[in-house]
Amino acid sequence: ILTGKPGTSKSTVACHVALDLLIKGQVDKIIITRPTVAASKDIGFLPGDAFDFKEGKLAPYIAPVLQAMIKLRGKADIEEQIKKGKIEVLPIQFVRGLNFENCVVIVDESQNATVEEIKALTTRICSNSKMIFTSDLNQIDLANKKTSAGYFFNCIKHLPGVSIVELTENFRHPLAIEIYETIDKLLEEQRQ
């Protein structure tokens with residue numbers, strides 16, 4: 001479980017680990033998933049096939065992960081891996097009944113997954129598989145923040161094979177973090 005503020009490279013680290021395991025032949029594929037929760041007002045249903053990387057329903061949600069992969073390996077290599085079926089996208093809603101074998105599953109922005117969705121994902125893990133969650137507990141977009149998977153992570157961190165790593169270094173412009181922290185303070189004041 002990778003946690004940290006925006007700009008700490010959570011998605012990039014997850015992609016680096018997953019691509020490294022794929023390239024070394026230690027896993028057969030990478031599965032990318034992400035909760036379909038919007039950061040603001042719901043925009044309704046998106047057109048297209050759920051599994052299409054470029055124009056599918058999940059394309060806007062997985063764009064940050066693909067952007068990180070392309071930055072790490074180049075566009076041609078990532079497109080080739082997608083074409084070969086070595087990198088695939090999977091909506092969380094479709095995981096029931098699947099087995100995650102010999103793969104790495106990246107669950108990006110997992111703070112917006114519900115505990116039920118995390119249960120559905122984690123109970124799919126089979127042999128030689130890894131699941132990497134990226135999470136920023138200060139960016140929960142769920143209406144009921146208490147149902148967020150982010151709160152569930154503390155309950156499982158003691159289990160063998162589960163680790164929580166907090167990334168702290170900012171790789172974006174310093175102003176981005178200053179704005180983030182200022183808005184957090186404002187929101188905290190409004191809650192009081």
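We use all heavy atoms of the structure for the numbers below, so side chains are in, but hydrogens, waters and symmetry mates are not.
A distance of 5.5 Å separates CD1 of I62 from CD1 of I32, quoted to the nearest 0.5 Å. Note that CD of Q111 and OG1 of T3 are 10.5 Å apart. Values are rounded to the nearest 0.5 Å. Going from atom OG1 of T122 over to atom CD1 of I156 covers 7.0 Å, rounded to the nearest 0.5 Å. E178 contributes atom CD, which lies 12.0 Å from atom CD1 of I183 (distance to the nearest 0.5 angstrom). Note that the CD1 atom of I118 and the CD atom of E116 stand 10.5 Å from one another [nearest 0.5 Å]. For the atom pair E88 CD and T33 OG1, the distance stands at 10.5 Å (nearest 0.5 Å).
Scanning both residues, C126 and E101, for their nearest heavy atoms gives CB-CG, 3.3 Å. The two residues T123 and K119 come nearest to each other via the heavy atoms OG1-O, 2.7 Å. Heavy atoms only, all atoms of each residue included: D28 and L22 are closest at O-CD1, 3.5 Å. Closest approach of C15 to A68, counting heavy atoms only: SG-CB, 3.9 Å.
Residues T8 and V13 form no side-chain contact, since every pair of their non-hydrogen atoms from C-beta on lies 4.5 Å or further apart. No side-chain heavy atom of R124 sits less than 4.5 Å from a side-chain heavy atom of V105. Between I82 and L66 the shortest side-chain heavy-atom distance falls below 4.5 Å. Inter-residue side-chain proximity for L19 and M69 is flagged as met; some heavy-atom pair is nearer than 4.5 Å. Between L98 and L90, the closest side-chain pair of non-hydrogen atoms falls below 4.5 Å. Between S9 and H16, every side-chain heavy-atom pair lies at or beyond the 4.5 Å cut-off.
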Next item on the list: May I have the step-by-step check of side chain to side chain contact (heavy atoms under 4.5 Å, CB included) for I106 and I30, ending in yes or no?
Entry: CA-CA 7 Å; I106 297 174; I30 298 169; 4.1 Å; yes
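Remark: side-chain polar atoms of K5 are not paired, donor with acceptor, to backbone N or O of N170 under 3.5 angstrom. A side-chain donor-acceptor contact under 3.5 Å links E117 to the backbone of T114.
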Atom pairs and distances, donor-acceptor, side-chain atoms in residues 129-137, under 3.5 Å, two or more places apart:
| unit_1 | atom_1 | unit_2 | atom_2 | d |
| --- | --- | --- | --- | --- |
| S129 | OG | F100 | O | 2.6 |
| S129 | OG | N102 | N | 3.1 |
| S129 | OG | C103 | N | 3.4 |
| S129 | OG | S127 | O | 3.4 |
| T134 | OG1 | D108 | OD1 | 2.6 |
| T134 | OG1 | E109 | N | 2.9 |
| D136 | OD1 | N138 | N | 2.9 |
| D136 | OD1 | Y180 | OH | 3.4 |
| D136 | OD2 | Q139 | NE2 | 2.9 |
| D136 | OD2 | Y180 | OH | 3.2 |

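A search for side-chain contact (heavy atoms from CB on, under 4.5 Å) contacts involving K84 returns E80, K86, not counting sequence neighbours.
I179 and F171 fall into different hydrophobic clusters, where Ile, Leu, Val, Met, Phe, Trp and Tyr are joined by side-chain heavy atoms under 4.5 Å apart, directly or via other members. The cluster map of Ile, Leu, Val, Met, Phe, Trp and Tyr, joined by side-chain heavy atoms under 4.5 Å apart, puts I177 and L187 in different clusters.
Counting heavy atoms of neighbouring residues, nucleotides and ligands inside a 6.0 Å radius, atom CD of E181 exceeds 12 of them.
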